[in-house]
Amino acid sequence: MTASAEWHPEARTEPDVRLDTAALRVLAHPVRVNVLTLLRQRGPHTVGRVAAELGINPGSASYHLRRLAAGGLIVEETGRGTGRERWWRSAHRQSVHDAADEPAGGHAAGRAYTQAVVLASAARLERAAREVPSLPQDWYEAGFHGDFVLRLTPDDVARLRSELFDVVSRYRASEAPDASGAAVPVALHLQGFPVPGTVGPGAEET
């Protein structure tokens with residue numbers, strides 16, 4: 001299962017959307033994944049703000065926003081902005097895709113989406129790495145990064161995924177208004193894939 005679950009309180013979104021084949025095709029591009037993630041993490045944005053945040057040109061930002069809107073994944077934030085300035089927000093708090101439940105004919109779209117999610121996650125992690133030297137000390141000490149290699153079967157990975165998602169769900173359920181202002185969005189990246197070169201065509205024997 002692949003889940004994108006960032007959320008900004010200002011967004012006023014529906015809880016989640018289970019991605020169908022059409023939505024998977026819309027999101028089969030790492031830039032579009034990161035545009036949607038940005039709106040969920042940081043709230044409504046204009047084309048210019050999206051371009052500046054992601055380091056892309058405004059024309060590209062506008063194109064990707066239009067594609068997301070056509071797919072029903074984002075909506076215009078009405079009553080905000082003036083003239084030609086339009087604000088966009090995510091339509092849902094969370095996107096969910098379960099490879100085991102893909103409809104017939106949707107496998108290619110599901111694989112392309114999963115690849116885009118991994119590439120987008122790597123780009124966000126690189127950006128986070130660039131900010132490590134300037135992090136406040138308390139956030140530097142609290143942050144963590146782990147890289148582990150486990151020998152598991154597909155069933156083992158499915159069980160591990162379920163347990164990790166349960167932990168994330170518990171923390172989300174316990175979220176409460178933070179009067180102190182100390183709470184900020186924290187990106188938690190979870191990936192579980194075979195080590196490259198160990199399964200599939202061209203796999204090396206170990």
Side-chain angles (χ1 to χ4, degrees), residues 1-8 10-11 19 23-68 71 73-74 88-90 92-97 99 109-150 157 160-161 164-165 167-168 171-172 182-200:
M1 177 181 290
T2 301
S4 174
E6 299 83 7
W7 176 65
H8 191 280
E10 189 179 350
L19 300 176
L24 290 172
R25 288 172 178 155
V26 170
L27 287 173
H29 193 296
V31 173
R32 274 197 287 282
V33 172
N34 274 338
V35 170
L36 183 59
T37 298
L38 176 64
L39 299 183
R40 288 176 175 171
Q41 288 181 336
R42 305 289 295 278
H45 274 55
T46 63
V47 168
R49 287 165 61 96
V50 168
E53 288 278 353
L54 297 183
I56 60 179
N57 66 62
S60 178
S62 178
Y63 169 74
H64 290 302
L65 285 165
R66 289 198 306 271
R67 289 294 307 276
L68 290 167
L73 295 164
I74 68 172
W88 298 93
R89 62 176 175 85
S90 171
H92 310 90
R93 181 185 70 180
Q94 174 175 258
S95 301
V96 178
H97 166 244
R111 287 176 181 261
Y113 164 73
T114 300
Q115 183 181 42
V117 168
V118 175
L119 291 171
S121 177
R124 293 197 304 275
L125 188 59
E126 182 178 357
R127 181 179 176 185
R130 292 196 297 269
E131 295 185 1
V132 167
S134 60
L135 283 176
Q137 186 65 21
D138 57 345
W139 279 109
Y140 169 67
E141 293 175 358
F144 63 91
H145 178 75
D147 187 359
F148 311 97
V149 176
L150 309 174
V157 174
L160 176 62
R161 178 192 66 197
L164 292 172
F165 278 30
V167 172
V168 172
Y171 273 84
R172 178 180 294 131
V184 302
V186 171
L188 179 64
H189 296 263
L190 300 173
Q191 291 94 27
F193 294 101
V195 171
T198 60
V199 297

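If you're wondering where the values come from, they're calculated on a predicted model, not measured in any experiment. Counting from 1, the numbers follow the sequence of the chain as shown.
Side chain of Arg40 to main chain of His92: a donor-acceptor pair is present (N/O by atom type, distance under 3.5 Å, no hydrogens or angles). Within the 3.5 Å criterion, the main-chain N or O of Gly110 finds a donor-acceptor partner in the side chain of Thr114. Listed for the Arg124 side chain is no donor-acceptor partner under 3.5 Å among the backbone atoms of Asn34. The backbone N or O of Gly59 lies less than 3.5 Å from no partner atom in the side chain of Ser62, so there is not a single donor-acceptor pair.
You'll find the side chain of Leu19 reaches within 4.5 Å of the side chain of Leu73, heavy atoms only. Residues Val184 and Trp139 have side chains in contact (heavy-atom distance under 4.5 Å, counting atoms from C-beta outward). With a 4.5 Å cut-off on side-chain heavy atoms, Leu190 and Val168 count as touching. Within the 4.5 Å cutoff, the side chain of Thr198 has no heavy atoms near those of the Phe193 side chain.
A distance of 9.5 Å separates CD of Gln191 from CG of Asp147, quoted to the nearest 0.5 Å. Considering CG of Leu54 and CZ of Arg127, their distance stands at 7.0 Å, rounded to 0.5 Å. With values rounded to the nearest 0.5 angstrom, Leu36 atom CG is found 12.5 Å from Arg89 atom CZ.
Legend: residues meeting side-chain contact (heavy atoms from CB on, under 4.5 Å) with Arg111, ordered by chain and number and at least two apart, are absent.
For Leu39 against Leu65, the heavy-atom pair with the smallest separation is CD1-CD2, 4.3 Å. In terms of heavy-atom proximity, Val47 sits nearest to Pro58 at CG1-O, 3.4 Å. The shortest non-hydrogen separation linking Pro30 to Leu119 is CB-CB, 4.0 Å.
Using cut-offs of 30° and 60° on the angle between ring planes, the pair His29 and His64 is tilted.
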message = Set out, in order, the CA-CA distance, both residues' side-chain angles and the distance that settles side-chain contact (heavy atoms from CB on, under 4.5 Å) for Arg32 and Tyr113, then state yes or no.
response = CA-CA 10 Å; Arg32 274 197 287 282; Tyr113 164 73; over 6 Å; no

task = Using the side-chain contact (heavy atoms from CB on, under 4.5 Å) rule, take Arg93 and Arg172 through it: C-alpha gap first, then chi angles, then the decisive distance, then the call.
result = CA-CA 12 Å; Arg93 181 185 70 180; Arg172 178 180 294 131; 3.7 Å; yes

